[in-house]
Amino acid sequence: MKWPISVMAVLLCSSPVSFKRNRIKTSLIGNPLCRNGVVDWDDLRYFLAVAREGQMLGAAQRLGVSQARLSRHVAALEEVIGARLFDRTTRGSTLTHDGAALFATAERMETELMAGVASLDSSSSVAGTVRIGAPDGFGSAFLAPRLGRFRAVYPDLRIQLVPVPRSFSLSEREADIAIMIGRPKRGRLRLRKLVDYTLGIFASRQYLDRVGRPQDPAELRAHALIGYVEDLVYTPELNYAREVLGDWRSDIEVSTAIGQFEAVRAGAGIGICHDFMAATAPDLVRLFPGLSLTRSYWMVWHENLRATPRVKAVVDLLDTIVREERDHFTRNGADAG
């Protein structure tokens with residue numbers, strides 16, 4: 001899709017990027033990817049992929065193109081903008097100040113484009129059932145309250161949400177789309193990183209008033225600890241308790257994140273909770289403010305479903321919903337909310 005230079009100029013100038021309209025016009029002249037004074041949306045799409053993945057290789061794999069092609073599009077966009085968008089090192093690609101500002105603008109454009117396309121296609125091309133498998137924390141606490149949006153955009157779509165702490169076999173059709181903790185390492189899969197999220201150590205005010213507040217992680221040994229049922233942990237990404245305390249031993253074991261959260265909230269002990277969940281519970285107290293754990297949610301679907309309209313529609317809308325609220329998934333954003 002091509003964006004007229006007048007539209008691009010308005011969008012770019014509405015963000016803190018210090019781009020001049022005549023500078024954009026000048027850069028457009030002779031650019032092989034931007035004919036007749038317009039910007040090629042593909043350049044922005046490739047730019048967004050690199051910004052989200054943090055590296056050229058990961059972005060190329062996500063888009064299914066070569067790194068050379070990806071680099072050409074990013075270079076073309078940098079030429080049009082007249083600014084360097086990434087600092088490239090052996091460790092990856094980090095957004096520059098100008099790149100970060102353009103990223104916010106490009107995401108707004110992408111969201112508007114997706115909303116427009118969805119409104120045109122919702123009644124005719126997207127129908128049927130899509131099953132989403134997700135960890136219970138993400139599925140129950142975040143996604144379930146937002147499922148109505150899928151029906152609002154796609155009235156002929158039927159959504160099935162399976163929020164349980166387990167792995168889903170996409171090849172056996174246990175789910176059409178799976179939300180995973182950590183990046184999958186094998187399989188004929190299409191994947192997209194959704195968001196990083198943080199966790200912290202929490203206790204209820206009721207518990208702390210009754211037992212006292214530990215001053216450092218070593219003192220946790222003297223407290224009732226809440227964690228997962230060890231032999232039911234389905235991914236190493238959930239073995240984060242020992243990152244807090246090497247000999248962490250749970251006195252109360254609950255197989256779900258929601259269950260642990262409710263036990264902590266009820267004053268049963270001290271546990272590790274998602275910040276986006278704890279932000280909804282003002283009676284919880286975060287212990288050891290300097291201690292924070294980070295994990296990532298990834299969205300995965302089978303290669304065979306890549307061209308299925310209903311799956312593609314749900315993937316794109318779910319990605320949009322998460323990106324709109326991604327600040328709530330991390331400690332600072334959750335605290336601010």
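Reckoned from all heavy atoms, side chains included, excluding hydrogens, waters and symmetry mates. Positions are given from 1, in the same order as the sequence printed here.
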Quiz prompt | Glu237 and Arg183 ion-paired at < 4.0 Å | solution = no
Quiz item: Are side-chain heavy atoms of Ile159 and Thr129 found at a separation under 4.5 Å?
Solution: no
Quiz item: What do you reckon, are the aromatic ring centroids of Phe202 and Phe261 less than 6.0 Å apart?
Solution: no
Quiz item: Of all residues at least two apart in sequence or in a different chain, which pass the side chain to side chain donor-acceptor pair (under 3.5 Å) check with Trp248?
Solution: Ser250
Practice problem: Give, for atom NE2 of His73 and atom CZ of Phe47, the distance between the pair rounded to the nearest 0.5 Å. | Solution: 14.5 Å
Quiz prompt | Phe288 reachable from Ile272 in the ILVMFWY side-chain graph, under 4.5 Å edges | solution = yes
Exercise. Over all heavy atoms of both residues, which pair between Gly139 and Leu161 is shortest? Give the atoms and the distance, please.
Key: O-CD2, 3.4 Å
Exercise. Please report the C-alpha distance between Thr256 and Tyr228 in whole Å, then the side-chain angles of each, then the deciding distance to 0.1 Å, and finally whether the side-chain contact (heavy atoms from CB on, under 4.5 Å) criterion is met.
Key: CA-CA 7 Å; Thr256 65; Tyr228 281 102; 5.9 Å; no
Practice problem: Would you check if the side chain of His302 reaches a backbone N or O of Asn304 as a donor-acceptor pair within less than 3.5 Å? | Solution: yes
Self-check item: Closest heavy-atom pair and its distance - Arg88, Ser93
Solution: CG-OG, 3.9 Å
Quiz item: Do the side chain of Tyr207 and the main chain of Ala224 share a donor and acceptor less than 3.5 angstrom apart?
Solution: yes
Quiz prompt | Close side-chain approach of Glu174 and Arg131, heavy atoms under 4.5 Å | solution = no
Exercise. Specify the closest pair of heavy atoms between Leu194 and Met299, including all atoms of both residues, with the distance to one decimal.
Key: CD2-CE, 3.7 Å
Quiz prompt | Nearest heavy-atom neighbours spanning Ile226 and Gly269 | solution = CD1-N, 3.6 Å
Quiz item: Tell me, which pairs form a side chain to side chain donor-acceptor pair (under 3.5 Å) where one or both residues lie in residues 134-147, sequence neighbours left out?
Solution: Arg146-Glu325
Exercise. Report the C-alpha separation of Ser71 and Met56 in whole Å, then their side-chain angles, then the decisive distance to 0.1 Å, and conclude whether the side-chain contact (heavy atoms from CB on, under 4.5 Å) test is met.
Key: CA-CA 8 Å; Ser71 296; Met56 287 285 187; 4.1 Å; yes
Pairs of donor and acceptor atoms involving the side chains of residues 238-245, under 3.5 Å and at least two apart or interchain, shall be tabulated with distances.
from	atom 1	to	atom 2	distance (Å)
Arg242	NH2	Glu230	OE2	3.0
Glu243	OE2	Arg295	NH2	2.6

Quiz item: Checking side-chain hydrogen bond (donor to acceptor under 3.5 Å, both in side chains) for the pair Ser204/Asp283: CA distance, chi angles, key distance, verdict?
Solution: CA-CA 6 Å; Ser204 71; Asp283 52 323; over 6 Å; no
Self-check item: Residue pair Ile179 / Trp298, side-chain heavy-atom distance below 4.5 Å
Solution: no
Quiz item: Do Val229 and Val164 share a hydrophobic cluster, counting only Ile, Leu, Val, Met, Phe, Trp and Tyr and linking them when any side-chain heavy atoms are less than 4.5 Å apart?
Solution: no
Quiz item: Are Glu79 and Arg72 within salt-bridge range, i.e. N to O under 4.0 Å?
Solution: no
Practice problem: To the nearest 0.5 Å, tell me how far Gln160 CD sits from Leu147 CG. | Solution: 11.5 Å
Quiz item: Hey, does Ile270 have a side-chain heavy atom less than 4.5 Å from the side chain of Ile201?
Solution: yes
Quiz item: Is the gap between the ring centers of Phe142 and His328 under 6.0 Å?
Solution: no
Quiz item: Got a sec, which residues hit side chain to side chain donor-acceptor pair (under 3.5 Å) with Ser296, two or more places apart in sequence or on another chain?
Solution: Asp196
Quiz item: Does Ile258 reach the side chain of Met277, with side-chain heavy atoms less than 4.5 Å apart?
Solution: yes
Quiz item: Are Ser292 and Leu199 close enough that some pair of their side-chain heavy atoms sits under 4.5 Å apart?
Solution: no
Self-check item: Heavy-atom closest contact (His223 atom, Asp251 atom, distance)
Solution: O-OD2, 3.4 Å
Quiz item: Under 4.0 Å between a Lys/Arg side-chain N and an Asp/Glu carboxylate O for Arg151 and Asp156?
Solution: no
Practice problem: Apply salt bridge (charged side-chain N to carboxylate O under 4.0 Å, His left out) to Arg192 and Asp316, showing your working. | Solution: CA-CA 10 Å; Arg192 184 179 300 180; Asp316 289 340; 3.3 Å; yes
Quiz item: Linking I/L/V/M/F/W/Y whenever their side-chain heavy atoms sit closer than 4.5 Å, directly or via other members, would Tyr234 and Ile177 fall into one cluster?
Solution: yes
Exercise. Quick one: do Asp275 and Phe329 satisfy side-chain contact (heavy atoms from CB on, under 4.5 Å)? Show the steps, please.
Key: CA-CA 7 Å; Asp275 279 304; Phe329 283 90; over 6 Å; no
Quiz prompt | Nearest-0.5 Å distance, OH of residue Tyr297 to NZ of residue Lys193 | solution = 13.0 Å
Exercise. Any chance you could lay out the side-chain contact (heavy atoms from CB on, under 4.5 Å) test for Trp301 and Thr308, step after step, and finish with the verdict?
Key: CA-CA 11 Å; Trp301 61 105; Thr308 304; over 6 Å; no
Practice problem: Would you indicate whether the side-chain heavy atoms of Val322 and Phe138 approach each other to under 4.5 Å? | Solution: yes
Self-check item: Nearest-0.5 Å distance, CG of residue Leu291 to CZ of residue Arg286
Solution: 7.5 Å
Exercise. Can you measure from CG (Asp43) to CD (Glu78) and round to the nearest 0.5 angstrom?
Key: 10.5 Å
Quiz item: For Arg249, does the CZ atom have more than 12 heavy-atom neighbours from other residues, nucleotides or ligands under 6.0 Å away?
Solution: no
Self-check item: Nearest atoms (heavy-atom pairs only) where Leu157 meets Val126
Solution: CD1-CG1, 4.1 Å
Exercise. Just jot down the side chain to side chain contact (heavy atoms under 4.5 Å, CB included) partners of Met180, sequence neighbours excluded, or say none.
Key: Ala178, Pro184, Val300
Quiz prompt | Selection residues 207-225 - residue pairs positive for salt bridge (Lys or Arg N to Asp or Glu O under 4.0 Å), sequence neighbours left out | solution = Arg221-Asp247
Quiz item: Any side-chain heavy-atom pair from Tyr197 and Ile181 closer than 4.5 angstrom?
Solution: yes
Quiz prompt | From CG (Leu48) to CG (Leu77), nearest 0.5 Å | solution = 9.0 Å
